[in-house]
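Numbered from 1 within each chain, the chains take letters A, B, ... in sequence-line order.
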There are 2 protein chains.
Amino acid sequence: MKPSVVTTEPNGHFCRDCAVRDFSVCSSLDPAELKEFEHLGRRVLFDGGETVFSEEDTTTSFYNLLDGVMRLYKLLPDGRRQIVGFALPRDFLGMNISGRHNFSADAIGGVTVCQFAKVPFGRFVESRPHLLRRINELAIRELSQARDHMVLLGRRSADEKVATFLLAWRERLVSLKGASDTVPLPMSRQDIADYLGLTIETVSRTFTKLERHGVIEIIHGGVSLLDPAKVEALAAA
Amino acid sequence: MKPSVVTTEPNGHFCRDCAVRDFSVCSSLDPAELKEFEHLGRRVLFDGGETVFSEEDTTTSFYNLLDGVMRLYKLLPDGRRQIVGFALPRDFLGMNISGRHNFSADAIGGVTVCQFAKVPFGRFVESRPHLLRRINELAIRELSQARDHMVLLGRRSADEKVATFLLAWRERLVSLKGASDTVPLPMSRQDIADYLGLTIETVSRTFTKLERHGVIEIIHGGVSLLDPAKVEALAAA
DNA sequence: CGCCAAAATTGATCTAGGTCAATCGGCTTT
DNA sequence: AAAGCCGATTGACCTAGATCAATTTTGGCG
């Protein structure tokens, strides 16, 4: 929870130099607005494994993920965990209506976020309907993804879950790192299991089975899709 | 898909007399705006089993549910179905960014909706940031519910799923019909199964088991919670 | 290097929930 | 009130994936 490094703007970091500038919430802002917006956010770094915010915490900030990967999850009282999503650069986190976060967020590996204090951010949005529209757009897109994931969790087999996950993850990485059959998997097997509603053993066995069948190759820090068409066939089922 | 009855405004129906007036999207509108808004929507009735819109249909309308219950679902190519939610009066349906609906919606029993053509509705919202804020609020609330449901689908047992469903459904009905231990279940067992990621047999067996243990009583068109505390204990697990 | 801890894999076994197959009601229709 | 239907229930059996239990592999780190 204690961030490793904090860089307060303006201190070498400006929106106009920001990698996510044209893709994240801030893409809806014009240069003049951006100048003002700049003062609202500050960059914060987290180490792998650190928790950025926890479910039920009072929401004091929103976060724009600039670099790295995060796991977003909910815990049951007895410790069972459901990962509700992985966040990638450009994702905007923390919106809620209860005033409390409705999931927890951990850094997977090092992470850089642009942190906005809730109140000034809210004030800034208030007078900028186009920014509100952008935020709404992101919420609706997430809602659609959430529904897709419900189908996966409720109605798909382990093989289908894993194949679908690999394809969807690869697809999300396209706009960040370009298309490739080599799919980096920065999250652990346990994370994948908790995302897919499976156990770590089933995930591991499914990976090995796909490898035995020559569909994928398990490489350091990820997998390589040797036969993407076959993976798609498995996911379609 | 062919609606049973269409009543075009103004023809005996006005927003100011509308049952959902103070609770739905339109709660953000002042009397003057409401007068204008009135001309955008028309009431449409659907019989039970009718489909209001289908996944992948081009979105031409948004819908405000005025009366009745709807099931919102997605189908896999092989026919497996996941119900992503049940809609109740006050719910606003149809928002998306792809221009296509991302789920299908059927009436369960007779239903009345207030239908808005997409383009004029969009124009109306454009100049009304408070309406946009209201829509955003609804989207964020739904997103939170969707995440809760992911936890249920991915990490809970059949008993927990059924108990959680009964409590959540009862809770949703409070603001519509008042608090009660008698929970009407207008949807079929198959609908419940497809919502919880179970089979119809498991839902049926779980109901019977709860009844045998004196926790619920299965009554015509629903269940009665004989021991609500026990249901909550099962759901908490 | 060699040692340790954590993550991943693999194997053996078990079980919650699925599948298949009869009934059982409760309505509607005549 | 008999027939027919459709949803719901119940029973017998089966299996995908969980659980339990070792290894094996990997990644720091002195």
Side-chain angles (χ1 to χ4, degrees), chain A residues 47-49 71 76 78-83 106 108-110 152-166 184-213 216-223 234 237, chain B residues 47-49 71 76 78-83 106 108-109 152-166 183-213 216-223 234 237:
Chain A
D47 281 337
R71 62 173 161 254
L76 289 173
D78 64 3
R80 281 174 291 176
R81 183 177 71 158
Q82 177 65 46
I83 291 186
D106 291 349
I108 296 178
L152 177 142
L153 289 171
R155 286 297 180 227
R156 315 210 77 162
S157 70
D159 287 0
E160 292 171 347
K161 285 177 175 181
V162 169
T164 305
F165 166 67
L166 289 178
L185 296 174
M187 69 292 285
S188 70
R189 292 289 189 269
Q190 186 63 65
D191 287 342
I192 297 174
D194 287 346
Y195 181 58
L196 300 178
L198 297 172
T199 58
I200 184 174
E201 292 95 333
T202 299
V203 170
S204 184
R205 277 188 250 271
T206 306
F207 273 27
T208 335
K209 185 168 72 175
L210 290 177
E211 187 169 49
R212 262 205 320 272
H213 292 34
I216 66 171
E217 193 194 347
I218 300 168
I219 58 177
H220 176 77
V223 300
L234 281 169
Chain B
D47 281 337
R71 59 171 164 256
L76 289 174
D78 64 2
R80 281 175 290 175
R81 184 177 69 158
Q82 177 65 46
I83 292 187
D106 290 349
I108 296 178
L152 178 142
L153 289 171
R155 287 296 179 227
R156 315 210 76 162
S157 70
D159 287 0
E160 291 170 347
K161 285 176 175 181
V162 169
T164 305
F165 167 67
L166 289 178
V183 184
L185 296 174
M187 68 293 284
S188 70
R189 293 291 189 268
Q190 185 64 64
D191 287 342
I192 297 173
D194 286 347
Y195 181 58
L196 300 178
L198 297 171
T199 58
I200 184 174
E201 292 94 335
T202 299
V203 171
S204 186
R205 277 188 250 270
T206 305
F207 273 28
T208 317
K209 186 167 71 174
L210 290 177
E211 186 169 49
R212 261 204 320 273
H213 291 34
I216 66 170
E217 192 193 348
I218 300 169
I219 57 176
H220 176 76
V223 301
L234 281 169

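- At the phosphate of D:dG17, neither OP1 nor OP2 sits under 4.0 Å from any side-chain N or O atom of A:Arg205.
- Reading DNA chain C from its 5' end, the first and the last nucleotide to sit under 4.0 Å from a heavy atom of chain B are C:dG17 to C:dC27.
- Side-chain contact between B:Ile218 and B:Leu210: absent, with no pair of heavy atoms (C-beta onward) separated by less than 4.5 Å.
- At the phosphate of D:dA18, OP1 or OP2 sits under 4.0 Å from a side-chain N or O atom of A:Thr202.
- For the pair A:Arg71 and A:Asp194, the salt-bridge criterion is not met [side-chain N within less than 4.0 Å of a carboxylate O].
- Checking the phosphate oxygens (OP1, OP2) of D:dT10, a side-chain nitrogen or oxygen of B:Thr208 falls inside 4.0 Å.
- Of the possible polar contacts, one joining the A:Arg155 side chain to the B:Arg81 backbone as a donor-acceptor pair under 3.5 Å is found.
- One can place NE2 of A:His220 at 12 Å from C1' of D:dG28, the figure rounded to the nearest angstrom.
- Of the possible polar contacts, none joining the A:Ser204 side chain to the A:Ile200 backbone as a donor-acceptor pair under 3.5 Å is found.
- Remark on DNA chain C: of its neighbouring residues B:Glu201 and B:Asp159, the 5'-side contact belongs to B:Asp159, judged by nearest-heavy-atom nucleotide.
- A straight line from CG of A:Leu153 to C1' of D:dG17 spans 15 Å, rounded to a whole angstrom.
- Taking five base pairs at each end of the helix from C:dC1-D:dG30 to C:dT30-D:dA1 and finding the rotation axis that steps the C1' atoms of four pairs onto the next four gives two axes whose angle is 40°, to the nearest 10°.
- Residue A:Ser157 has its side chain nearest to D:dG17 when only D:dT26, D:dA8, D:dG17 are considered.
- Going from atom CD1 of B:Ile218 over to atom P of D:dA8 covers 11 Å, rounded to whole Å.
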